[in-house]
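This report concerns only the one structure given below.
Just follow the structure's listing: the first ligand is 1, and inside any ligand the first atom is 1.
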Amino acid sequence: MRSGIGYDSHRFAPGGPLRLGGVDIPGDVHLAGHSDGDAVAHAITDALLGAASAGDIGHMFADGDPANRGRNSIEMLHLAAERVRASGWRVANADVSVVTEQPRISDYRDAMRGALASALGIGVDDVSVKGKTNEGMGWIGRGEGLACIAVVTLTRG
Ligand code: MG
């Protein structure tokens, strides 16, 4: 059994919707990024690749590659899961915490779990999504962006 940790942060930019955990959340901001900015999917992808010692998301999906511009991060997560499975691992579970003042993650928790589970090829019960505020402190508290921390566990397939 192996575990990996992933972290990601993105800045809010004007204009919705906000793509997070594969879900389009209505509102007036989105996450700026080379891809679709989905920090939840990015943190889980890094945790997944980390658990398999298979590099990181920036190595697998280079920023400089035009094919990755505006790319659907759930599709990137799916491809990373395929790579990890091909090297003999089975995804056991994923857990992610989203640190943000807005939106309220619990309103979208089950939709995100469904999208992430399907990308990872595991059951919804094996995916956890949790929301935290930063108690108004620092750049997250000022609403400049959000951060995600994820853990993925693998077992030998
Ligand atoms: Mg990212």
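Contact annotation: Asp38 places no N, O or S atom under 2.8 Å from the Mg ion (ligand 1).
Taking every heavy atom of both residues into account, His42 and Ser73 meet most closely at NE2-OG, 2.7 Å.
Nearest N/O/S atom of His42 with respect to the Mg ion (ligand 1) is recorded as ND1. Taking the N/O/S atoms of Asp8 in turn, the shortest distance to the Mg ion (ligand 1) belongs to OD2.
Using a 4.5 Å cut-off on side-chain heavy atoms (C-beta onward), Leu49 and Val84 make contact. Looking at heavy atoms from C-beta onward, Pro103 lies in side-chain contact with Tyr108 at the 4.5 angstrom threshold. At least one side-chain heavy atom of Ile44 sits less than 4.5 Å from a side-chain heavy atom of Leu120.
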